[in-house]
Amino acid sequence: MKAARIFIAVAAAAVSASSFAGDTIKIGVPVGLSGVHSVLAPSEIQSAKLAATEINAKGGILGKKIEVVVADDGSGAVGAQKAFDSLIFDKKVDAIISSETSAARNAALPIVSRGKIPYIYATYYEGHSCNKWMYMNGWVPEQLSSAMVGYLNKTYKARKFFLIGSDYVFGRGVLKFTRDFIEKAGFEVVGDEYLPLDASDWTPIISKVRDAKPDAIISCTSAGVPNVTLGKQLKSSGLKLPYGNLALDESTAKSMGADADGVVIAGTYMTSLDTPENKKFLAAMKEQFKDKYQTPNEHSVPIYDGFYSYKAACEKAGTTDPKAVVKALGEVEITGPRGVIKMDPHNRHADLNMYLAQVQPDGSVKVVDSVMGLKPGDQCQF
Amino acid sequence: MGLVLDFATTTAILFIVTSGLMMIFGVMQIVNFAHGAILAIGGYVAFVITRVGIPSLYGCFFAFIAGFLVGALIERFVVRPLYRRPLDAILATWGLGIVIIQVIVMIFGRGVQLVESPLQGTWNILGTEYSSYRIIMIPVALCIGGVIIALLNGTRFGIKTRAVIMNENLAESLGINSGMIRFISFSIGAGLGTMAGFFITPLSSVDPYMGVAWLTNAFMLVMVSGHSFLALAGACLVFGSIQVLVSIYVNPVLGGMAISVLAAATLRIRPKGFSHD
Amino acid sequence: MTKSKISTQIPMLLCLILVVAGPFAFDTYMVNTLIKAFFFAVAAITVDLLWGYTGYLTFGQSAFFGAGAYCAGLVFTHLGFSSEYALLAGVLSVVIPGLLALFVGWLSFYHGAAPFFSCVISLVVPIVVYQLVLSGGNFTGSSSGLTGFETFDFEIESWYWIAGAIMLVAAIATDIFVKSDAGKILVAIRDNEQRCEYLGLNTYVIKTLLLGVCGALAGFAGFSYGAFSGVVAPELTGFSFGTEMIIWVALSGRGTLWGPVIGTVLITVISSYLSNSIPFVWQLILGIGFVSVIVFLPKGLLPYVIRPLSRKSSLDAPIKLEEAKIQDSSVSGHAIVMDHVTKSYGSLDVLKNITLTGDPGDLIGIIGPNGAGKTTLMRCMGDGEHRTGGSVEICGRDLGKKHPEEVVRLGLGRKFQNANIFQTLSVSECLRIARTIRERPSLVRTSKVLALPAYVLDVMKVTGIDKKLGTAAKDLSHGEQQALELSMVLALEPKVVLLDEPTAGLTLSERRSIGAIFSALAHKYRFCCLLVEHDLEFVKEIATKIVVLYHGTILMQGDVDEVVNSKLVQDIYTGTKSSARNSEAEK
């Protein structure tokens, strides 16, 4: 089933990795095959492979085929070090495009600096991570929190918020920003609580929510298991509060079904986006992966975009030389399923369209609001 | 009232999760470290059964049978050669846990599976809205406890088992096949484990590592309780309540390790733990 | 060359070549992986010392490794990096895990602590440290750990040689220690902790100190790892990492030292190549391998790899026996006095009001039917905590609540019913451990001379075990094992010797020669011997005094003839229980 799919992907990657290096451009895609991100890994690998297939079908980059090299980062710092070491120094990849945990990214940055290759971090995160080899094309809290808090206030008249997070860089970072934003807007945070990444029993926190009587809950847990357990336990606790989840993706919502009913999610990508690029992307996904198709999401689509940004940058630079490509990455603009993606050469982040959606009783997601071209705020200075 | 319900339901869930481990430890003085993986098997049984469309009420029997069979295999091929080496048995069962988890990964994938809770919504208990599924865990725990006590005290198997617990050599010389008793107890213990996994799935997600988080707490509770199921219930109540209190009033992280630390401290002061003999 | 030398030198040479030549032979990735593997190997050495050699199964070494790593991470993140701060972090990474380990040792090891209990504590330690790190918020970086701190700016080759040197030094130092006379004590504790206590060794202090040192060493390895990788994450402190270390040690061979070193390096390297491409299969293979090794090859793989390489040969250079000078042995007054000693379990009295005295030169036979309380009586003499009432004096000093290892120092030696020896140690090693309280063993050297009191040499000569100094104790015949245990007890130079059925299972001729030895001990060397025996004939021949124990009370004590000819004893030994009970009533 799922594992078999990963095996095929991995085996294919392993086989192609052994082919002669000179003719191909290798792009490393470290993903969390194990650990908390393992739920997302299959969709991330599919995005990468689709992008590679499409690009290769049109002649590759600068006449060279690209190949995807997948590595397991164990969803954590120690695993990420192994994965990046292996990709950069053993597999000798030309660039890395990944959607990983913040812990993994932070641990990997020193290795990227040593390896001196372009690195596109292709997912949302807590912001303010800077490295001269790195670009970001996902959202940061500046873009997301404002959209979510604004929506909950507009729709539910929420003024008192309770924040729940997983205790790690991303959870704390996003919620800290959310808290500041709420307070600046003149609303109130009546409580914020964190559980470790691997915790699955939210009972004590739900009891606190009950006592604090907020108007709305905003959560920012790690994607995957914590999202599911928190959603289920909130549902079964009988608390009927508006609930905005900053880290819930569509496919998880779909599998949670009724357990996620009514949850408000936000993001730069929803499968129901009505644009020609998105329709073409979804059709190609279904065509290539058929019954193994995974719902694209906030982690996988930016990887797809990342491949095209890298292609554009190489073509603009006329070489795959890392320095030249990094410079060019800040100059190129592509249009992908999420719309126009242009990463800033100095700030290293991108202006993005944010969509708000609500989970329906059957687990499907309905877009209820959108904000176009949100700025990432000051992140980096290069 | 919310707090009292937190106490009661936490105790019940802990008891459900630990009873299988206790069954094995009580009879054989061997700690089954594959218990975490066995819980996970229960979760996947729940997953498969809801997919196939069997009403989840019957699911717990399937879970028990699956666990019983797995337990029988483990006992026969791994645990039996290690009776004289209890520390190695810990290691071997831990290794086995890794193997079982990897096999689950290969069949079902790494991802989280979701199982519909058979009982949605909340009940109003004396003015407090409380998750109905958690409340249901209380009678379930009482049932499991009742059945085990009836089994141990009211049947021939129970009498033989208690004889083996008290004095294995004597029991053997009285013609009791202690190997058989161990075999059956281990299988029942594993069956109880999968059943527990089945019951906790609606509260959490089903993933290959779902049981590991429960393992150490369950292990410590069993250590403290010696070999009495009543002591185990007491330990679950006391330590479970402390866990709830610490989690709510101090810090959920400290709450998570409250059971382990307190149980270790209890053992240091009273090596026999909660059991009175 | 001898067997033990070959089995060490080949792996040691392999490691040396690997460490020296590594950077010339491998690419950056491999070098990188090996550096980490070397630090892991140091941690694995500590697991092997504690578990493989001493028999203490620990899941907790990751806690100390992680604590050391966090010392580096926290100091460099919050204070900054400079040579002073690096030194500070280095010192902290030894001191903090060391102290933590001593504390854990205090928790885990005490008189009567079950090995199971210690194992349980070792399980809790990494969980607690892990949770503390998680709850540390921004200070510890919580689940994400600490990254991006400045650290030593060495070239990767330098790191490689530094890491390799640390590993080699740790491994060679440990190798020297475990082969030394003192190092054998670890194996003795693993083989038979009770016997160690009754040889006057304070095993729980030894284990606590050992854990302290191992904690400090693991902490330093963790510090080096953290400083090298620039990443300190909670999983380094966790329970899974602790079990991973056990897997390394178990697969390659517990108690072989170089096995775990090579095993750790190999497994880390293989998994760095395989776990990226086939993480699940690799885990599955490791898991299956681990279970099979535990069940079928508890010694691990190394011994099977090494065996074909080593020629069969005799053991190391022969040990020379010497006569030891005995300290002043005269005892004034009674050697042992028991006054109204009682032992009860709840309402059940096993011993009631036992009062007896023994003098130097006495050979007191204690007889009575099964369940009379003879072994309990011996235990009450050997362990101050055992009795529930009354008092015992040994050589004029009160027994109080003293533990066996302290009682031994009062001048008591106890020989158990079954030959209670160290199965895997050789005869000379067993005897040297018995001499520990008289002669402090070296931490680094293996002595070629074994000095023993004259009467021990006598016993060995009579029983022939002086010819088998190099033989492992488990390979001796039953009679020889009994003789070895007796020799070990006597090597303590005790004043009071407790002998619990020393002739059980011996042949008639063995029995005769051992009887002669006992007589000589009492009469020639002025020991006070207390001999528990079933065989009345045997006791009759050698004892100077006989005590008859029945249902926990002394029925009768006195001269041999007096007791042997009494109707009471005749009844017990020939008649039924009821007649004995009658005579008790008459009395």
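Per chain, numbering begins at 1; letters A, B, ... match sequence-line order. None of these values were measured; they are calculated from a predicted model.
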For A:Asp90 and C:Tyr29 the tightest heavy-atom approach is CB-CD2, 3.2 Å

Counting neighbours of NZ on A:Lys92 that are heavy atoms of other residues, nucleotides or ligands and sit closer than 6.0 Å, is the number greater than 12?
yes

Is atom CZ of C:Phe152 surrounded by more than 12 heavy atoms (other residues, nucleotides or ligands) closer than 6.0 Å?
yes

Between A:Val78 and C:Tyr225, is any pair of side-chain heavy atoms under 4.5 Å apart?
yes

Using 0.5 Å steps for rounding, measure from the NZ atom of C:Lys36 to the CD atom of A:Gln81.
4.5 Å

Heavy-atom pairs under 4.5 Å with chain A, option from C:Asn32, C:Asp27, C:Thr28 with the top count:
C:Asn32

Under 4.5 Å from any heavy atom of chain A, what part of C:Leu146 do you find: side chain, backbone, both or neither?
neither

